[in-house]
Amino acid sequence: MVFKRCPNCGGPLQEFRALTDAEKTYVRTAKPGFPPEAYIRCARQGCRRYQRRLKWDDGGDFPE
């Protein structure tokens with residue numbers, strides 16, 4: 001687990017976790033330029049944000 005800025009949550013740094021296999025499949029199609037292992041997901045309940053480990057503004061939201 002790492003703590004990063006989450007544009008969706010705002011405020012202090014949020015905890016991020018590794019992607020699950022299903023989430024990796026989604027990221028492969030949404031962000032084909034980088035391997036899905038380069039991305040992490042916000043662990044705050046209700047947040048759907050994923051972003052690259054080293055670049056918070058390269059990411060998006062998982063569908064509901």
Side-chain angles (χ1 to χ4, degrees):
M1 303 275 178
V2 294
F3 289 86
K4 300 279 184 179
R5 175 181 179 203
C6 178
N8 292 3
C9 296
L13 299 178
Q14 299 295 325
E15 186 174 351
F16 277 74
R17 62 167 177 77
L19 300 179
T20 64
D21 289 337
E23 292 167 342
K24 286 179 185 178
T25 301
Y26 177 83
V27 170
R28 270 189 198 97
T29 60
K31 299 285 185 177
F34 288 92
E37 292 76 21
Y39 290 86
I40 51 179
R41 180 179 179 159
C42 183
R44 185 175 181 186
Q45 186 163 344
C47 186
R48 300 185 327 256
R49 174 81 181 165
Y50 66 91
Q51 63 193 38
R52 252 180 43 215
R53 291 179 188 273
L54 300 177
K55 190 171 182 187
W56 68 267
D57 61 347
D58 179 14
D61 294 329
F62 288 109
E64 289 187 30

Participant: Is the shortest heavy-atom distance from the side chain of Glu37 to the side chain of Arg53 under 4.5 Å?
Facilitator: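 They are not in contact (no side-chain heavy atoms under 4.5 Å apart), so the answer is no.
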Participant: Once you round to the nearest 0.5 Å, how far does CD of Glu23 lie from CZ of Arg48?
Facilitator: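 Spacing of CD (Glu23) from CZ (Arg48) equals 12.0 Å.
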Participant: So which heavy atom on Gln51 is nearest to which on Pro7, and how close?
Facilitator: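 Result for this residue pair: OE1-CD, 3.7 Å.
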Participant: Counting distance only, does the side-chain N/O of Arg41 pair as donor-acceptor with the main-chain N or O of Cys47 below 3.5 Å?
Facilitator: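 Yes; at least one donor-acceptor contact below 3.5 Å.
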Participant: Taking side chain as C-beta onward, heavy atoms only, is Cys9 less than 4.5 Å from Arg49?
Facilitator: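 The answer is no, as the side chains (C-beta and beyond) never meet within the 4.5 Å cut-off.
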Participant: Tell me if a side-chain donor or acceptor on Gln14 pairs with a main-chain N or O of Pro12 at a distance below 3.5 Å.
Facilitator: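 Here the side-chain-to-backbone pair exists.
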Participant: Where do Phe3 and Leu13 come nearest, in terms of heavy atoms and distance?
Facilitator: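 So the minimum-distance heavy-atom pair works out to CB-CB, 4.2 Å.
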Participant: In terms of relative ring orientation, are Phe62 and Tyr50 parallel, tilted or perpendicular, with 30° and 60° separating the classes?
Facilitator: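 Tilted.
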Participant: Could you measure the distance from the CZ atom of Phe16 to the CH2 atom of Trp56? Nearest 0.5 Å is fine.
Facilitator: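 Spacing of CZ (Phe16) from CH2 (Trp56) equals 10.5 Å.
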Participant: Set out, in order, the CA-CA distance, both residues' side-chain angles and the distance that settles side-chain contact (heavy atoms from CB on, under 4.5 Å) for Val27 and Phe34, then state yes or no.
Facilitator: CA-CA 9 Å; Val27 170; Phe34 288 92; over 6 Å; no
Participant: Please give me the minimum heavy-atom distance between Val2 and Ile40, naming the atom from each residue.
Facilitator: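 Val2 and Ile40 have their closest heavy atoms at CG2-CD1, 3.7 Å.
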Participant: How far does NZ of Lys4 sit from SG of Cys42, to the nearest 0.5 angstrom?
Facilitator: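 It comes to 13.0 Å.
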